[in-house]
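In this text the structure is predicted, and so the values were computed from the model without any measurement. Residues take their numbers from the sequence shown, with the count starting at 1.
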Amino acid sequence: MNQEQFERMHKGNGFIAALDQSGGSTPKALRLYGIPDEAYHSDKEMFDLIHEMRTRIMTSPAFTSEHILGAILFENTMERQIDGKFTADYLWEKKGILPILKVDKGLAEQEYGVRMMKPIHNLEELLERAKERHIFGTKMRSVIKAADPYGIKKIVDQQFEIGCRIANTGLVPILEPEVDIFIPDKEAAENLLKKELLAHLSTLAPDTKLMFKLSIPSIDDFYAELIDDPHVVRVVALSGGYSQVEANQRLARNHRLIASFSRALTAGLLKQQTDEEFNAVLKRSIDEIYKASMT
C-alpha cells in the first residue's frame with residue numbers, strides 16, 4: 001500500500017468522483033451528455049465516446065486535487081490513456097488524485113429483497129492488473145431493495161468476503177451495499193445494514209483497512225459509528241438518484257460523510273458545450289459537492 005496515498009484518502013479534504021459507468025449504464029450517461037444511441041453502432045464506438053467524455057472531465061482545469069481525493073474508473077478506462085499516460089498514472093502524477101477501480105461484474109437477479117453481485121471470476125487476475133496499473137483501491141456495488149434481514153446479511157457477507165480478499169493484496173476496497181433510496185422501508189433497511197456492517201467490522205484483523213460507499217441515510221449522522229471505526233479509512237455517499245441539489249443538502253447534514261457522486265457530478269455537462277461552458281458547469285458542481293462534503 002502506498003502510504004502517501006493512504007494518508008491522503010484517510011485525512012485529506014475532498015470527495016471522490018465516480019466515473020465508472022460500465023456497459024449497462026454507459027448509454028444513459030452518453031444520452032445525458034447529449035450523445036444519442038444512434039451516434040454509435042458498436043461497443044467499441046460507445047466506449048470510445050465515454051472515454052472522450054471522461055477525458056474531458058479529468059483534464060478539465062476544474063478537476064483538481066484541491067477538491068477531489070479520488071476517481072473511480074471502469075476497467076476499460078484503466079487500460080486506456082490520457083495525454084500519453086495510463087489513466088491511473090495521469091490521475092496521480094498529473095492531478096494528485098487517487099485512482100480507484102470498479103471490480104464488480106454487475107448485479108444478480110433480486111432474491112430476499114437484495115441484488116447480490118454476480119460472481120467475479122477473474123478477480124485475482126484483475127487485481128494483479130490493477131496493481132500493475134498503479135490503482136489505489138477498488139469498488140464493488142450491490143443493492144438492497146427491501147428491509148429483509150436474511151437478504152441484507154447475505155449481501156454484507158458477500159461484500160466483506162470479497163473485500164477482505166482485496167485488502168489482502170494491499171489495495172483498499174470500497175464496499176458498496178447501496179440501499180435503494182426509493183423503497184418505502186429505507187430507514188428500516190439502513191438499521192439492519194448498519195448492524196451487519198458493525199458486526200462484520202468487529203471480526204476483522206487489526207490491520208485490515210477498507211471503505212464504505214453508502215446511500216445518504218434517512219437519519220442524519222447515522223453512520224458516525226462506521227466513520228469512527230479504526231478499520232474504516234473513509235465513508236463516502238452515493239447520490240442514488242437524488243438531484244445534485246438535494247444530494248448536497250442531505251449530505252451536508254451528515255458530518256464527516258463525503259460524496260462519491262456520479263450523475264450528480266456530471267449533471268449539466270454536454271458534449272455540445274464549449275470548453276469554457278463545460279469547465280464552468282463542472283467547476284460549479286465540484287465546488288458545491290465539495291462544500292457539502294466538508295461539514
Side-chain angles (χ1 to χ4, degrees), residues 14-102 130 133-137 139 236 238-239 243-245 247-248 258-293:
F15 67 93
I16 295 176
L19 304 174
D20 58 327
Q21 297 91 350
S22 57
S25 53
T26 293
K28 183 176 181 181
L30 287 173
R31 286 193 293 270
L32 291 171
Y33 183 53
I35 299 177
D37 296 356
E38 56 268 23
Y40 51 91
H41 303 93
S42 66
D43 283 353
K44 181 185 183 304
E45 290 180 5
M46 178 181 75
F47 287 128
D48 286 346
L49 288 169
I50 199 72
H51 188 65
E52 287 176 14
M53 183 188 94
R54 290 168 176 151
T55 297
R56 195 178 186 192
I57 292 169
M58 287 185 275
T59 58
S60 169
F63 197 84
T64 72
S65 59
E66 180 181 358
H67 297 107
I68 298 169
L69 290 173
I72 304 174
L73 310 174
F74 178 46
E75 183 181 348
N76 185 280
T77 309
M78 178 181 74
E79 299 294 354
R80 289 176 180 256
Q81 296 191 1
I82 298 175
D83 287 354
K85 291 180 176 288
F86 282 107
T87 304
D89 292 332
Y90 175 84
L91 283 169
W92 179 243
E93 294 173 10
K94 294 289 189 181
K95 294 279 187 166
I97 292 170
L98 301 176
I100 298 162
L101 177 67
K102 167 188 160 70
R133 292 283 179 260
H134 305 138
I135 294 290
F136 168 75
K139 190 215 78 162
V236 304
L238 55 103
S239 51
S243 69
Q244 185 189 109
V245 171
N248 286 337
I258 66 172
S260 177
F261 292 171
S262 176
R263 278 172 291 176
L265 170 64
T266 58
L269 298 178
L270 292 169
K271 178 179 174 60
Q272 295 79 6
Q273 290 165 334
T274 66
D275 286 345
E276 184 178 5
E277 292 168 336
F278 179 93
N279 292 332
V281 172
L282 183 59
K283 184 179 188 305
R284 281 195 299 272
S285 294
I286 288 173
D287 287 348
E288 291 300 314
I289 296 169
Y290 177 84
K291 185 165 62 176
S293 296

Steps toward side chain to side chain contact (heavy atoms under 4.5 Å, CB included) verdict (L91, L73): CA-CA 11 Å; L91 283 169; L73 310 174; 4.0 Å; yes
L69: which of I100, I258, I97 passes side chain to side chain contact (heavy atoms under 4.5 Å, CB included): I258
Please check: side-chain N/O of [X] versus main-chain N/O of [Y], any donor-acceptor pairing under 3.5 Å?
X    : Y    : result
S293 : A259 : yes
T274 : E277 : yes
Q273 : G268 : yes
T87  : R80  : yes
T55  : H51  : yes

Test: [X] and [Y] ion pair at under 4.0 Å:
X   : Y   : answer
D20 : R54 : no
K94 : D83 : no
D48 : K44 : yes

Partner set under side-chain contact (heavy atoms from CB on, under 4.5 Å) for M46, not counting sequence neighbours: T26, P27, L30, Y40, D43
Exceeds 12 heavy-atom contacts within 6.0 angstrom, atom CD of Q272: yes
Measuring from atom [atom1] of [X] to atom [atom2] of [Y], what distance do you get when rounded to the nearest 0.5 angstrom?
X    : Y   : atom1 : atom2 : result
H134 : M78 : NE2   : CE    : 11.5 Å
R133 : E75 : CZ    : CD    : 11.0 Å
E93  : K85 : CD    : NZ    : 4.0 Å

CA sep, side-chain torsions, deciding dist, call: Q21, K28, side chain to side chain contact (heavy atoms under 4.5 Å, CB included): CA-CA 9 Å; Q21 297 91 350; K28 183 176 181 181; over 6 Å; no
State, to 0.1 Å, how close [X] and [Y] come at their nearest heavy-atom pair, and which atoms those are.
X    : Y    : result
A17  : L265 : CB-CD2, 3.5 Å
A267 : V281 : O-CG1, 3.8 Å
K271 : R56  : O-NH1, 3.3 Å
S239 : S262 : OG-N, 4.2 Å

4.5 Å side-chain heavy-atom contact, [X] and [Y]:
X    : Y    : result
Y90  : K95  : yes
I50  : M53  : yes
L101 : T77  : no
L269 : F278 : yes
F261 : L238 : no
L19  : F63  : yes
F15  : V236 : no
F74  : F47  : yes

Derivation of the salt bridge (charged side-chain N to carboxylate O under 4.0 Å, His left out) call for D287 and K283: CA-CA 6 Å; D287 287 348; K283 184 179 188 305; 2.8 Å; yes
